Amino acid sequence: MPSVDQATLEATRRFLHGVAELLLAGPQYRASGTIRLRVLPDGFGTVASPDVRVDGDLLVHGDDRVRLAGRTIAGVGTAAGLEPASLDEVYSDGSGLIPEDLVEVDAAAAGVLAQALVAGDTALRRLAPDQTPVLWPEHFDVAVTLAGVNYGLSPGDGYCPVPYAYVGPWTARTGDFWNAPFGAARRFDELGSAEAVLEFFTQGQRLAG
C-alpha cells in the first residue's frame, strides 16, 4: 500500500465514518431496523436494504457510483439517490458529522484503512468461525464478542489516530499485555497482517481466560 501521512489518514477515516453513519447505517436502520455494517474487500457496506457500499473513494448504490470527495454528505446522497439519516436516537457517540459537511476522502488513505479492516475481519472470522464480525457505525470498528471479551480492529479514534487491533475484557486485567485503558491494543502498521492480528487476539483470549 502507498505511504499516507497521518493527517490525511485521519481526515479520510473521519469522513468515511460519517458516510458510514449517514448514508449506510442510517438509511438501513430506517428501512430494515439494523445499524450493522460489514467489511468488504475494498471498503464496507450494508447488510440489509438499501444495498449500499463504499468502494475505495466511491459510494455505490445500484448503478450509481459517486465519488465521495468534493461533495457534501448530502450531495453524495443526492447523486446516489439516498437521503441521509442520522442515528442520534440510537447512540450519541458517533462521528459528529452532519449532512452539510464537505467530504474529504483520499483514495490512497481509503485503501490503507480498507486493508486494515479486511485484515481485522479475516482474523475475527478465524478466531470465531461461528460468528459474523460486525462493523459498528458508532465507533466504526469491526468486532466480535466472545465470553465477555471484545475483539476488534479500529481504523483509528481518539485513543489511537491510526488503525489498531484491540482486546477488551469486560473486567480489568493486569500484566504487560494489557497496555490500554480498555484492555490491550496493537497498531496495525506494527502487526502488518491478518495472521499477526489473529496471533494477538489468540494471546489476548488465552490471557483473558
Side-chain angles (χ1 to χ4, degrees), residues 1-32 34-88 90-91 93-121 133-142 153-158 161-164 188-189:
M1 297 298 296
S3 176
V4 178
D5 67 86
Q6 184 172 310
T8 300
L9 196 67
E10 287 187 65
T12 294
R13 181 249 301 162
R14 178 170 180 259
F15 282 98
L16 289 178
H17 186 179
V19 168
E21 289 181 304
L22 294 168
L23 293 179
L24 279 76
Q28 178 184 252
Y29 182 68
R30 300 292 186 275
S32 301
T34 180
I35 66 170
R36 294 177 177 225
L37 301 176
R38 59 189 174 126
V39 172
L40 295 173
D42 294 306
F44 52 91
T46 56
V47 299
S49 180
D51 183 8
V52 188
R53 71 180 190 272
V54 168
D55 187 352
D57 62 343
L58 300 174
L59 184 101
V60 182
H61 179 220
D63 293 331
D64 295 312
R65 296 175 62 85
V66 181
R67 194 162 302 281
L68 293 167
R71 305 173 188 258
T72 64
I73 293 175
V76 173
T78 297
L82 292 166
E83 182 177 352
S86 78
L87 292 168
D88 290 345
V90 182
Y91 57 73
D93 184 22
S95 69
L97 297 186
I98 59 175
E100 292 72 30
D101 283 320
L102 186 68
V103 179
E104 300 174 20
V105 169
D106 176 80
V112 169
L113 296 172
Q115 181 190 47
L117 287 171
V118 167
D121 185 80
V134 176
L135 180 65
W136 294 104
E138 181 178 6
H139 297 135
F140 200 41
D141 58 341
V142 61
L153 191 293
S154 169
D157 54 23
V162 297
Y164 67 94
F188 180 68
D189 58 5

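Since the model is a prediction, treat every value here as computed from it, not as a measurement. No hydrogens, no waters, no symmetry mates; every other heavy atom, side chains included, goes into these values.
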Using a 4.5 Å cut-off on heavy atoms from C-beta on, say whether the side chain of Leu58 contacts that of Leu68.
-> no
Measure the spacing between CG of Leu135 and CG of Leu40 and express it to the nearest 0.5 Å.
-> 9.0 Å
Does Thr34 offer a backbone N or O that forms a donor-acceptor pair with the side chain of Ser32 under 3.5 Å?
-> no
Would you say the side chains of Asp189 and Tyr164 form a donor-acceptor pair under 3.5 Å?
-> no
Could you pull out all residues at least two apart from Asp55 that satisfy salt bridge (Lys or Arg N to Asp or Glu O under 4.0 Å)?
-> Arg65
Side-chain (Arg30) to main-chain (Ser86) donor-acceptor, under 3.5 angstrom | yes
Between Thr8 (side chain) and Val4 (backbone), is there a donor-acceptor pair under 3.5 Å?
-> no
Does the His61 side chain pair with the main chain of Ala80, one donor and one acceptor, at a distance under 3.5 Å?
-> yes
Where does the angle between the aromatic ring planes of Phe140 and Phe44 fall among parallel (under 30°), tilted (30 to 60°) and perpendicular (over 60°)?
-> perpendicular
Do the side chain of Gln28 and the main chain of Val47 share a donor and acceptor less than 3.5 angstrom apart?
-> yes
How many angstroms lie between atom OG of Ser95 and atom CZ of Arg13, to the nearest 0.5 angstrom?
-> 10.5 Å
Would you say the side-chain atoms of Thr46 pair up with the backbone N or O of Leu24, donor to acceptor, closer than 3.5 Å?
-> no
Between the side chains of Asp157 and His139, is a donor N or O closer than 3.5 angstrom to an acceptor N or O?
-> no
Which atoms form the tightest heavy-atom contact between Gly43 and Ala114, and what is the distance?
-> N-CB, 4.0 Å
What are the two closest non-hydrogen atoms of Ala69 and Val105, and how far apart are they?
-> CB-O, 3.6 Å
List the steps, then state whether side chain to side chain contact (heavy atoms under 4.5 Å, CB included) holds for Asp121 with Leu153.
-> CA-CA 8 Å; Asp121 185 80; Leu153 191 293; over 6 Å; no
The side-chain contact (heavy atoms from CB on, under 4.5 Å) partner of Val52 among Leu37, Leu59, Val19, Leu23 is Leu59
For the residue pair Gly120 and Val142, what are the closest heavy atoms and their distance?
-> C-CG1, 4.4 Å
Indicate the atoms forming the closest heavy-atom contact of Pro84 with Pro99, along with that distance.
-> CB-CG, 4.0 Å
Tell me, do Arg71 and Val66 make a side-chain contact under 4.5 Å, heavy atoms counted?
-> yes
Over all atoms of both residues, closest heavy-atom pair of Asp57 and Ala107 = OD2-CB, 3.7 Å
Roughly how far, to the nearest 0.5 Å, is CG of Leu113 from CG of Leu9?
-> 4.5 Å
What distance separates Phe15 CZ from Glu104 CD, expressed to the nearest 0.5 Å?
-> 4.5 Å
Audit row: Leu87, Tyr29, side chain to side chain contact (heavy atoms under 4.5 Å, CB included) steps and yes/no | CA-CA 8 Å; Leu87 292 168; Tyr29 182 68; 3.8 Å; yes
Kindly determine whether Val39 and Val118 satisfy side chain to side chain contact (heavy atoms under 4.5 Å, CB included), including the steps that lead there.
-> CA-CA 6 Å; Val39 172; Val118 167; 3.9 Å; yes
With side chain to side chain contact (heavy atoms under 4.5 Å, CB included) as the test, would you mind laying out the steps for Glu21 and Leu97 before giving the verdict?
-> CA-CA 9 Å; Glu21 289 181 304; Leu97 297 186; 5.6 Å; no
Decide yes or no for Leu22 and Ile98: does some side-chain heavy atom of the first lie under 4.5 Å from some side-chain heavy atom of the second?
-> no
